[in-house]
Amino acid sequence: MQRVRITNILHADTPMGEVTVMGWVRTKRESKDFAFVEINDGSCLHNLQIILDAGTSGWEDLAQLLTGTSVRINGSVVPSPGKGQRWEVKAHRLEIIGTAGPEYPLQKKRHTDEFLRTIAHLRPRTNKYGALFRIRAELSFAVHRYFHERGFYLVHAPILTGSDCEGAGEMFQVTTLPLDAVPMEGGVVRYDEDFFGRPASLTVSGQLAAENLACALGQVYTFGPTFRAENSNTPKHAAEFWMVEPEMAFATLADDMDLAEDLVRELVRYAMDCCREDLALFAQFVDPGLMATLETVATRPFVRLPYAEAMDILVRSGKSFQFPVGFGHDLQTEHERFLTEEYCQAPVIVYDYPKEIKAFYMRHNDDGRTVAAMDLLVPRIGELVGGSAREERLDVLAARMAELGMRQEDYWWYLDLRRFGTVPHAGFGMGFERFLMLVTGVSNIRDVIPFPRTPKHLEF
RNA sequence: UCCCUGGUAGCUCAAUCGGCAGAGCGGGUGGCUGUUAACCACUAGGUUGGCGGUUCAAGUCCGUCCCAGGGAGCCA
């Protein structure tokens with residue numbers, strides 16, 4: 001008989017009859033003449049309750065059924081006389097597939113997130129992490145669905161890159177040169193002997209590739225891994241994380257903000273619709289205010305504040321901030337949190353930043369001192385999205401690069417976009433893990449990634 | 001990288017002023033005819049993160065290193 005997933009049994013309107021189920025034992029309650037065994041197969045949050053009577057085939061193995069054991073059960077789905085579940089399975093036969101000894105580290109009681117990080121290979125078998133990685137998968141699908149339905153084409157941006165996407169952070173270098181005997185000449189590394197014949201890195205952003213494809217396909221997005229070699233030890237940073245980066249030709253900053261707001265809102269709605277059971281766990285055990293937060297994001301318009309106005313608000317707030325406020329200063333964490341958590345109590349999009357604190361490719365505004373950049377700030381997380389209109393005017397872009405001492409020949413193909421049929425275009429990047437933190441209420445990025453990579457941590 | 005707080009049984013945590021190192025869960029054994037993180041009884045389980053110091057006496061005080069968490073910076 002073919003295996004039936006537990007979610008299908010539990011969510012059926014009528015008992016499914018004879019089934020074969022396979023899964024891992026979560027808990028067992030024994031009596032003299034019968035036992036209840038709860039098993040989970042990862043298909044949903046809830047366990048399936050198996051009732052096994054004394055004498056049933058497999059009863060003699062009951063002592064071995066410790067938490068973590070994998071089993072196969074043949075039985076019939078029947079209405080459960082007990083409280084707590086609608087259907088249960090009356091076993092005709094129980095078979096152990098793989099035992100788990102008493103040293104199996106996951107027990108029935110609650111574990112701390114810190115402990116579970118040390119057993120990242122097993123933590124998906126807990127309720128919380130199982131739910132989390134199901135939500136992660138569902139929302140990944142939702143990202144693709146969102147863009148597909150709106151005519152955006154997926155771009156597979158390269159992971160290996162020779163371009164230093166200026167300002168986006170420290171990069172991981174990739175090389176096949178022997179590190180214990182790097183070929184040198186006159187104190188300089190002989191990169192001509194390296195695999196690509198020049199320095200290479202892991203990508204920090206798919207943006208440049210997306211811009212190129214947007215200026216051909218109209219509107220595109222990338223959704224892939226990015227890498228930062230920053231020595232950041234915080235709950236919001238990882239060395240490897242996934243970004244969603246849409247890019248639109250013939251678009252302005254206003255279009256960009258509209259898209260960011262709509263994307264975030266639609267993804268949150270998708271989660272509320274399609275991940276209800278798993279989300280309920282987070283609302284109950286992780287963040288009691290979660291559903292209210294999601295409701296706010298899903299229904300209330302995001303506040304839009306020009307940077308200059310945001311700075312005015314901070315100055316007039318009367319709050320004493322650790323870092324200076326006023327035009328020209330960057331928004332620090334304390335400022336972001338004040339704006340989104342206290343002043344607006346909603347997601348906020350801050351836009352038109354001073355050009356000095358933003359990247360070279362952002363479009364210059366007519367005021368001569370700001371660029372068409374925007375950041376979406378959300379409660380608890382801070383910056384969730386960063387984007388801009390891209391400078392499409394060749395002369396303006398070239399002048400800015402010269403100011404910053406950048407070599408045009410390193411960006412010849414990027415500049416070609418402006419030489420041949422240039423168009424206004426705009427896009428943004430959304431940190432996917434940060435979005436997951438928003439949706440689940442989880443407060444550490446290490447807990448929304450199956451195998452997180454952070455400084456000094458490459459286990460698993 | 002900087003600041004703060006921690007590290008006690010497999011896990012989650014107690015241990016008052018420096019004075020016998022404990023509980024619950026998990027494991028084992030036995031009991032129990034519908035349980036729901038089942039229940040009842042018994043039981044095994046410890047180099048109190050490492051090293052050094054103060055003291056009659058250190059889980060507790062001091063120094064140092066390691067690890068973890070929180071905050072900050074860098075950044076998404």
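Keep in mind it's a predicted model, so treat the numbers as computed, not measured. Here is how names work: the chains are called A, B, and so on, in the same order as the sequence lines, proteins then strands, and each is numbered from 1.
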(message) Using the ring centroid of each side chain, check whether A:Tyr411 and A:Phe360 are separated by less than 6.0 Å.
(response) yes

(request) Verify the ring-centre separation between A:Tyr221 and A:Phe152: is it less than 6.0 angstrom? (result)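 No, ring centres 6.0 Å or more apart.
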
For [X], answer base if it contacts any base atom (sugar-phosphate contacts may also be present), sugar-phosphate if it contacts only those atoms, and nothing otherwise; contact means non-hydrogen atoms under 4.0 Å.
X: A:Asn444; result: sugar-phosphate
X: A:Thr67; result: nothing
X: A:His457; result: sugar-phosphate
X: A:Thr27; result: sugar-phosphate
X: A:Ala35; result: nothing
X: A:Phe435; result: nothing

Using Watson-Crick or G-U wobble geometry with both distances under 3.5 Å, which nucleotide pairs with [N]?
N: B:C75; value: none
N: B:G45; value: none
N: B:C67; value: B:G6

(message) Considering only residues two or more places apart or on different chains, which pairs with a residue in residues 226-246 of chain A satisfy ring-ring contact (aromatic ring centres under 6.0 Å, His included)?
(response)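 Non-adjacent pairs meeting ring-ring contact (aromatic ring centres under 6.0 Å, His included): A:Phe223-A:Trp242.
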
(message) Can you pull out every ring-ring contact (aromatic ring centres under 6.0 Å, His included) where at least one residue sits in residues 18-54 of chain A? Sequence neighbours excluded, please.
(response) A:Phe34-A:Phe36

Look for any protein N or O under 3.5 Å of an N or O in nucleotides 12-15 of chain B and output each such pair with its distance, or none.
{"unit_1": "B:U12", "atom_1": "OP1", "unit_2": "A:Thr112", "atom_2": "OG1", "d": "2.6"}

Taking [M] as the reference, what is the distance to [N] when you measure between their [atom1] atoms (whole Å, please)?
N: B:C62; M: B:U55; atom1: P; value: 16 Å
N: B:A14; M: B:G53; atom1: C1'; value: 28 Å
N: B:C3; M: B:C40; atom1: P; value: 50 Å
N: B:A21; M: B:A58; atom1: C1'; value: 13 Å
N: B:C67; M: B:G59; atom1: P; value: 25 Å
N: B:A37; M: B:U1; atom1: P; value: 45 Å
N: B:C61; M: B:G24; atom1: P; value: 27 Å
N: B:G63; M: B:C4; atom1: P; value: 12 Å

(message) Quiz question: going by heavy-atom distance under 3.5 Å, is there a donor-acceptor pair between the base of B:C74 and the side chain of A:Ser232?
(response)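 When only heavy-atom distances are counted, A:Ser232 does reach the base of B:C74 through a donor-acceptor pair under 3.5 Å.
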
Do [X] and [Y] touch side chain to side chain, with heavy atoms closer than 4.5 Å?
X: A:Leu48; Y: A:Val89; value: yes
X: A:Lys358; Y: A:Asp375; value: yes
X: A:Arg304; Y: A:Met374; value: no

[Y] versus [X], side-chain donor and acceptor atoms under 3.5 Å:
X: A:Arg29; Y: A:Ser31; result: no
X: A:Glu245; Y: A:Ser205; result: yes
X: A:Asp256; Y: A:Tyr351; result: no
X: A:Glu211; Y: A:Tyr361; result: no
X: A:Asp113; Y: A:Tyr129; result: yes

(message) Using a 6.0 Å distance limit plus a 45 degree cone around the ring axis, check whether A:Arg369 lies over the aromatic ring of A:Phe327.
(response)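 Relative to the ring axis of A:Phe327, which defines the angle, A:Arg369 lies inside both limits.
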
(message) Using a 6.0 Å distance limit plus a 45 degree cone around the ring axis, check whether A:Arg150 lies over the aromatic ring of A:Tyr146.
(response) yes

(message) When you measure from the side-chain N and O atoms of A:Asn47 to the phosphate of B:U36, is any distance below 4.0 Å, counting only OP1 and OP2?
(response) no

(message) Can you classify the ring geometry of A:Phe323 versus A:His335 as parallel (below 30°), tilted (30 to 60°) or perpendicular (above 60°)?
(response) perpendicular

(message) Pick the closest RNA chain B nucleotide for A:Met243 and for A:Gln322 by heavy atoms, then say which residue is nearer the 5' end.
(response) A:Gln322

(request) Could you check which residues of residues 116-147 of chain A get a heavy atom under 4.0 Å from RNA chain B? Sort them by number, please. (result)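 Of all residues in residues 116-147 of chain A, the ones placing a heavy atom under 4.0 Å from RNA chain B are A:Arg117.
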
(message) Please list, in numerical order, the residues of residues 333-357 of chain A that have a heavy atom closer than 4.0 Å to any atom of RNA chain B.
(response) A:Thr333

(request) If a protein heavy atom is under 4.0 Å from the base, mark B; if only from the sugar-phosphate, S; if neither, -; do that for nucleotides 29-35 of chain B going 5' to 3'. (result) ---BBBB

